[in-house]
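Below, each value reflects all heavy atoms present in this structure, side chains not excepted, and no hydrogens, waters or symmetry copies. Each chain gets a letter, A, B and so on, in the order the sequences are listed, and its residues count up from 1. What you see is a predicted model, and the numbers here were worked out from it, not measured in a lab.
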Amino acid sequence: MLLHRLARVSQEVAATSARSRKTALLAELFRDAEAEDVPIVIPYLAGRLPQGRIGVGWKVLGRPVAPAGEPSLTVRDVDARLSQLAQVSGPGSQAERTRLVGELMGAATGDEQRFLLGLLTGEVRQGALDAVAVEGLAQATGAPGADVRRAVMLAGSLQTVAEALLADGPAALERFRLTVGRPVLPMLAHSASSVAEAVDKLGACAVEEKLDGIRVQVHRDGGTVRLYTRTLDDITDRLPEVTAAALELRGERFILDGEVISFDADGRPRSFQETAGRVGSRTDVATAARAVPVSPVFFDVLSVDGHDLLDLPFAERHAELARLVPEPMRVRRTLVSGPDETHTAEQFLADTIGRGHEGVVAKSLDAPYSAGRRGASWLKVKPVHTLDLVVLAAEWGHGRRTGKLSNLHLAARTADGGLAMLGKTFKGMTDAMLTWQTERLRQLAVDDDGHVVTVRPELVVEIAYDGLQRSTRYPAGVTLRFARVIRYREDKRPEDADTVETLLAAHPEVKP
DNA sequence: TTCCGACAGTGGGGTCGCAAT
DNA sequence: ATTGCGACCCCACTATCGGAA
């Protein structure tokens, strides 16, 4: 199949807003793909490369290349070239990658170049990624959508399921069962603004501490242990102490879900930055492990001794977990019967925060494990802090925010009467706010370099954030975690904005 | 008819490893 | 030795579609 066809379909998908139409367009393309093209066409139309990320970003892409006049590239050509590109490493590799990308782009028409650019940068922006591709695949093969979705979650890969499905038809879905050693997409949580709201929605539930670490899925089959992240990367080699802990457990074959986190000598959780840095260390694991040892803390079990527990209610899964994993290696929790016991849950949240953790997750006791879904049966609750900050500048947005000033530069007042930038945010704005702030900030503009519009520091905005973290980038030595706009405070003047001093005082555990 | 669940988009900061400078 | 880039951890929030209620 020609790449040209994919580029055309992608454009058409982007141009339609109806999801049903997007699905139909993808299904038609999938039906027409030859068997050898399927493992390429499906990920491409889901906005990903079958090779995963291959070390090509904006810099490596380099300058635009004159497009070819006539389409000639096949998808298999492109795939072969990108596989070659992914292999390039060592000195001179960046230039070589740039050369290979240039060669590929030069063989592509304008439409194809735009499509490839999206694929290589991971930003196809056609309003359809995995979910729509899965639905399209179901439609193309006549398999029930729910069955295809489930198979993809269990396989952890759309591509694998697509190949099997197109080769052997709907019966192939039977093959995708929960298997120890094959990671499944983890279940995710929604947010609730308070414990009361969460308990109100869920009724009887478990309220568990939420640890600020790295999600981990632990597979043990006898003496073999494998560890996977939320996106199913294999991180076994980086966390030997987690492997050792898994081997200490009583069961022989199981899949556990939990969090990896580092505790200091006093048993307090280290900052997310420290834990994440440790988990990211690959070159000298032994040294990293001595400096920042990590522990697994589990909250769910998906499989024990060959039994698939995914469809069991959480209460039953947890009973299995308690049999398998000793209490210190499980998250702390409390059971709440319903809204009458909201107070218990609130007390538990307060205790959890007191122990230095992030917040809590309320979990319905009768819900199954919805692999790969952001189920409404898990609700996280974290304390939210707010600040009044001054807008220093704003950046021109992209995509649907093109022509709008989007990303705000935020500052707090300093002791000497100046302003210290604390970070940026693009979150929390409605379309109406975007329109309003674009207009207002343009009135205050003193400079526009085409990317950043600098303004007179007169506008005050109320910002919500989850916490403070150390920063080498910003002048106060700290930055806000997950900052988002709540509202503009036109009733306030810059002199009324919060100061760095009060911010630091509110987070004594963070040292700039 | 209205409500709400699921998705995609729009980007944020930090850290590590590697290549370039 | 330092700097810059890309990958990958963490993530919030809004708009929209389309099925559920």
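An OP1 or OP2 oxygen of C:dC13 is reached within less than 4.0 angstrom by no side-chain nitrogen or oxygen of A:Ser191. Checking the phosphate oxygens (OP1, OP2) of C:dC8, no side-chain nitrogen or oxygen of A:Thr231 falls inside 4.0 Å. Phosphate proximity of B:dC4 to A:Lys201: absent, as no side-chain N or O sits under 4.0 Å from OP1 or OP2. Here A:Thr283 does not reach the OP1 or OP2 of B:dC16: none of its side-chain N or O atoms lies under 4.0 Å away.
Along DNA chain B, the nucleotide nearest to A:Asp284 and the one nearest to A:Gln469 differ in position, and the one closer to the 5' end is contacted by A:Gln469.
Nearest to the side-chain atoms of A:Ser471 among the listed nucleotides C:dC11, C:dA15, B:dG14 stands B:dG14. Residue A:Arg215 places its side chain closer to C:dC10 than to any other of B:dA6, C:dC10, C:dC9.
The side-chain heavy atoms of A:Val361 and A:Phe299, taken from C-beta on, include no pair separated by under 4.5 Å.
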Inset, instruction - Sugar-phosphate atoms are those with a prime plus P, OP1 and OP2; base atoms are the rest. Using that split, label each nucleotide of nucleotides 7-12 of chain B B, S or - for protein heavy atoms under 4.0 Å, 5' to 3'. - result: BSSBBB
Legend entry - Contact pattern, 5' to 3', of nucleotides 1-7 of chain C - B, S or - by protein heavy atom under 4.0 Å: ----SSS
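Taking every heavy atom of residues 380-390 of chain A and every atom of DNA chain C, pairs under 4.0 Å involve A:Lys380, A:Lys382, by number.
Counting any heavy atom pair closer than 4.0 Å across all strands shown, A:Ser20 reaches sugar-phosphate atoms only and no base atom.
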Inset, instruction - Walk me through it: do A:Leu188 and A:Arg215 pass the test side chain to side chain contact (heavy atoms under 4.5 Å, CB included)? - result: CA-CA 10 Å; A:Leu188 305 171; A:Arg215 185 81 174 263; 4.1 Å; yes
